[in-house]
Amino acid sequence: MTTFARGTAGSNPAKDGLTRDALTVLQPGFTGTTAPDWLLRRLGEGLASVGLFGRNIASPEQLASLTAQLRTERADVLVAIDEEGGDVTRLEVRTGSSFPGNNALGAVDDVSLTREVAAELGRRLAACGVNLNWAPSADVNSNPSNPVIGVRSFGADPDLVARHTAAYVTGLQSAGVAACTKHFPGHGDTAVDSHHALPRIDARAPVLSARELTPFRAAIGAGTRALMTAHILVPALDPDHPATLSRRILTDLLRGELGYDGLIVTDGMEMRAIAGTYGIERGSVLALAAGADAICVGGGLADDETVRRLRDALVSAVRSGELPESRLADAAERVRSLARWTTADAADDGLSGEDIGLRAARRALGITDGSTGGGSFTPLTEAPYVAALTPVANIAVGDETPWGVAAELARLLPGTETGSYAGDDAGTAALTAAGPRRIVAVVRDEHRHPWMATALDTLLAARPDTIIVEMGLPQSTPRGALHIATHGAARVCGRAAAEVIAGV
């Protein structure tokens, strides 16, 4: 490993060890499907990580070309992505994921299947040159009204979440892709989305230890190479600072009590929970001082000016004595250590992604036959009308990725038509558009959206043979001639549901 001497305020930034370390701990994003000149220049100056989002990906071939371009400037660059599979996909942002998400895997509760799915997802990422995945979510979704976790969680039982988190970490890392387990110390019991404001969890310490921390202990035991912090306030652990900025949580609890020695990555610093209160520069300094090693930024702020601002803020904090230089150097070395790990050879075997993903999605289906008269559901033979009752997507999921069953039903039952509805008149509007055709109503978290429940009431009152497909958390009582719970909105989940409806 090359070492650089500590520089002075007037040094050339490319040769200034302090400046290089400040760049090394950043994980910025950028726009476009090729690397901009400023990003390549920063890699030459010490930047060691790059974060990719849906806007950067057009195809696997293009992504492989992009990561190769990054490595011409820095061979050991960490290329990170937010690829959870299921609802949160960047690799297949325009088509929907080939892999079911955590809630579907938790519903099956077969750890070997979870390990296989994660390993195949890892192989697909590695083939494109991605070596750090901001996944899995180890959050215990104990609050079913949680607006941002939901089907991204394996479930509400801590032990179930723990065993599947460990299996996912093992599978992903078997492909040479580092897992970044999130969102420490646990985002599942929140009622606020940290993209918009600062959530708070008021559980007592013994509850937190038994519930929130159990999956993270399992992830650490499985050797997760990275952990991502949560922008949440947990007064029982630290009444004054959100976890991302808390020394008590990151250093005393995570490093000390839990014995974790890998990379600690912050959640996106431009999220309002941090940016709206501390600002990204101040927040980044406080996060490093608290024990974080890498600053994730770039989901929203994705330009050279952001990198410069954060670099300069960290350098200034060291020079003023606010941030110990040894803490920054330690953080930078942890980034470099992870980069060295990702060069290890990876396994390359198993089923193809579509095979394992579809098999998992089929196994995850929860089917309730509500046919009247004691009969069983008869698969459709004629093209239906698909009424998609569409809520506003949270920022983590985004609104670029298609979801539902219409496309898959159209493949199986040509002539299938569809429309998207929301609001108080959704049910009436869907009935009018459907005409005499059989209705398939697709929902996402019916229990969280009163207008959605009202729309289903309207549809079922007029058309009791309506089929309902729930692609979010199946918290509401099943109803309809057939009720299918997919436990997520990945493309393969839609395909599995369509197969049942069409009887194939």
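What you see is a predicted model, and the numbers here were worked out from it, not measured in a lab.
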State, to 0.1 Å, how close [X] and [Y] come at their nearest heavy-atom pair, and which atoms those are.
X	Y	value
Ile280	Ser284	O-OG, 2.7 Å
Leu233	Leu198	N-CD1, 4.1 Å
Ala243	Leu250	O-CG, 3.5 Å
Asn141	Gly150	OD1-N, 3.2 Å

For the residue pair Phe216 and Phe184, categorise the inter-ring angle as parallel (less than 30°), tilted (30 to 60°) or perpendicular (more than 60°). perpendicular
Indicate whether the side chain of [X] and that of [Y] have a donor and an acceptor atom separated by less than 3.5 Å.
X	Y	value
Thr244	His231	yes
Arg225	Ser337	no
Arg444	Thr390	no
Glu92	Ser98	yes
Glu470	Thr486	no

Which distance, rounded to the nearest 0.5 Å, do you find between the CD of Glu281 and the OG1 of Thr306? 8.5 Å
With heavy-atom distances below 4.5 Å as the criterion, would you say the side chains of Pro239 and Arg248 are in contact? yes
Qualifying residues under side chain to side chain donor-acceptor pair (under 3.5 Å), relative to Asp37, sequence neighbours excluded: none
